[in-house]
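The block underneath contains the structure these notes are about, expressed in structure tokens.
Note that the coordinates shown come from a computational prediction; the quantities given were computed from them, not determined experimentally.
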Amino acid sequence: MENEALLIPAIFVNTLASYRRETLREVVVNKLDRDLSHVLHQVNPAIERISVIDQIVYADIGLGKMMPLNTFGSGLAQVANVYSTALSGKSQIILIDEIENGLHHTAMTSFLEALITLTYEQNLQIFATSHSLDVLQQLQGLLLEDRLSDARSEMRCYVLAKNKDGKVIAYRYDHQKFNHCIQHGIEIR
């Protein structure tokens, strides 16, 4: 029997980059803009809806005119980028480096919850890196909520560290171990 290559659609989302207009346009065309607008509203309550016109993404914040989304800062652009990529359904695996980049800490919990919920709706796996204890604490708080009990059993935390021989090893923490580390201040970043 020959070895077969297993191809799983995956995408790397750079949180330092601006949103992808093409992906946001697809979200609007496929009538998923309400879902994205809802998440953007959680991050910035002034946002009522989004629209794509002539290659520019606009947000309606209740003024006389819509505002270009890129005027709202890098955190909101990051949320739009990550969430629209996940909504597009083109990838089963999404890799996010430094998920907290540009995002105000007060918006992180709602963003994480939206991503966790979307993983079940879209059958996604999300791998996100973070060096922020605040992000890990917010994730832990979410996972302790009853409505996310399924996510609690699915979540894994991996810490890359060198062993005594200098070899990089991935240490795996299920939710119970992750929760213990966060509650007792054990360094896992």
Side-chain angles (χ1 to χ4, degrees), residues 6 8-17 35-45 47 73-189:
L6 179 62
I8 300 172
I11 190 166
F12 171 73
V13 180
N14 184 350
T15 56
L16 296 176
D35 295 335
L36 179 58
S37 294
H38 177 72
V39 170
L40 293 177
H41 177 77
Q42 289 178 320
V43 173
N44 182 336
I47 295 178
S74 63
L76 196 64
Q78 172 202 334
V79 170
N81 189 24
V82 171
Y83 203 77
S84 63
T85 299
L87 268 177
S88 73
K90 291 187 174 186
S91 299
Q92 293 174 335
I93 297 174
I94 298 177
L95 309 167
I96 308 167
D97 189 29
E98 300 291 340
I99 194 166
E100 71 276 3
N101 278 347
L103 193 58
H104 195 271
H105 70 92
T106 59
M108 184 55 67
T109 299
S110 59
F111 181 46
L112 289 172
E113 184 173 0
L115 286 176
I116 291 168
T117 302
L118 195 60
T119 61
Y120 288 95
E121 293 171 1
Q122 298 281 343
N123 193 27
L124 292 171
Q125 282 189 322
I126 295 179
F127 296 85
T129 65
S130 178
H131 294 284
S132 168
L133 180 59
D134 189 47
V135 170
L136 297 177
Q137 289 170 335
Q138 289 181 49
L139 176 61
Q140 179 231 14
L142 278 170
L143 294 173
L144 291 175
E145 295 183 18
D146 288 339
R147 70 181 189 284
L148 295 176
S149 62
D150 289 342
R152 189 177 4 199
S153 64
E154 299 288 329
M155 190 281 305
R156 301 291 180 272
C157 175
Y158 292 89
V159 175
L160 301 177
K162 289 184 180 180
N163 67 8
K164 64 181 179 175
D165 299 325
K167 185 176 179 183
V168 176
I169 303 292
Y171 296 94
R172 177 183 167 194
Y173 296 80
D174 61 12
H175 180 260
Q176 184 179 0
K177 291 176 186 175
F178 172 77
N179 188 44
H180 177 82
C181 290
I182 296 298
Q183 285 184 347
H184 297 286
I186 299 170
E187 181 63 45
I188 59 173
R189 294 175 289 151

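- By the side chain to side chain donor-acceptor pair (under 3.5 Å) test, Thr129 pairs with Asp97, sequence neighbours left out.
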Going by atom type alone, with no hydrogens or angles, which donor-acceptor pairs under 3.5 Å involve a side-chain atom of residues 172-180 and a protein atom two or more places apart or on another chain?
unit_1: Asp174; atom_1: OD1; unit_2: Gln176; atom_2: N; d: 3.2
unit_1: Asp174; atom_1: OD1; unit_2: Lys177; atom_2: N; d: 2.9
unit_1: Asn179; atom_1: OD1; unit_2: Gln140; atom_2: NE2; d: 2.4

Ignoring hydrogens and angles, write down the donor-acceptor pairs under 3.5 Å from the side chains of residues 106-128, residues two or more places apart or on other chains.
unit_1: Thr106; atom_1: OG1; unit_2: His104; atom_2: ND1; d: 2.7
unit_1: Thr109; atom_1: OG1; unit_2: Gln138; atom_2: OE1; d: 2.6
unit_1: Ser110; atom_1: OG; unit_2: Ala107; atom_2: O; d: 3.1
unit_1: Glu113; atom_1: OE1; unit_2: Arg147; atom_2: NH2; d: 2.8
unit_1: Glu113; atom_1: OE2; unit_2: Arg147; atom_2: NE; d: 2.8
unit_1: Glu113; atom_1: OE2; unit_2: Arg147; atom_2: NH2; d: 2.5
unit_1: Thr117; atom_1: OG1; unit_2: Glu113; atom_2: O; d: 2.9
unit_1: Thr119; atom_1: OG1; unit_2: Ile116; atom_2: O; d: 2.5
unit_1: Tyr120; atom_1: OH; unit_2: Asp150; atom_2: O; d: 2.9
unit_1: Tyr120; atom_1: OH; unit_2: Ala151; atom_2: N; d: 3.0

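- Residues Glu100 and Glu98 meet the side-chain proximity criterion, which asks for heavy atoms closer than 4.5 Å.
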If you apply the rule side-chain contact (heavy atoms from CB on, under 4.5 Å), what do you find for Asp35 with Val39, and how did you get there? CA-CA 7 Å; Asp35 295 335; Val39 170; over 6 Å; no

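- Within the model, atoms CD1 of Ile96 and CD1 of Ile11 stand 10.5 Å from one another, a figure rounded to the nearest 0.5 Å.
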Stepwise side-chain contact (heavy atoms from CB on, under 4.5 Å) check, Asp134 with Gln137: CA-CA 5 Å; Asp134 189 47; Gln137 289 170 335; 4.2 Å; yes

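- Residues Leu103 and Val43 have side chains in contact (heavy-atom distance under 4.5 Å, counting atoms from C-beta outward).
- Side-chain contact check for Ile99 versus Gln78: some heavy-atom pair is nearer than 4.5 Å.
- The salt bridge (charged side-chain N to carboxylate O under 4.0 Å, His left out) analysis of residues 78-88, with sequence neighbours excluded, yields no pairs.
- Going from atom NE2 of His131 over to atom CG of Leu136 covers 10.0 Å, rounded to the nearest 0.5 Å.
- To the nearest 0.5 Å, atoms CZ (Arg152) and CG (Leu144) are separated by 6.5 Å.
- At least one donor-acceptor pair under 3.5 Å links the side chain of Ser132 to the backbone N or O of Val135.
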Return a table of donor-acceptor pairs under 3.5 angstrom between the side chains of residues 157-166 and protein atoms on other chains or two or more places apart.
unit_1: Asn163; atom_1: OD1; unit_2: Asp165; atom_2: N; d: 2.9
unit_1: Asn163; atom_1: OD1; unit_2: Gly166; atom_2: N; d: 3.1
unit_1: Asn163; atom_1: OD1; unit_2: Lys167; atom_2: N; d: 3.0

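- Looking only at side-chain heavy atoms (C-beta outward), Asn44 and Val79 stay at 4.5 Å or farther from each other.
- Between Leu133 and Ile188, every side-chain heavy-atom pair lies at or beyond the 4.5 Å cut-off.
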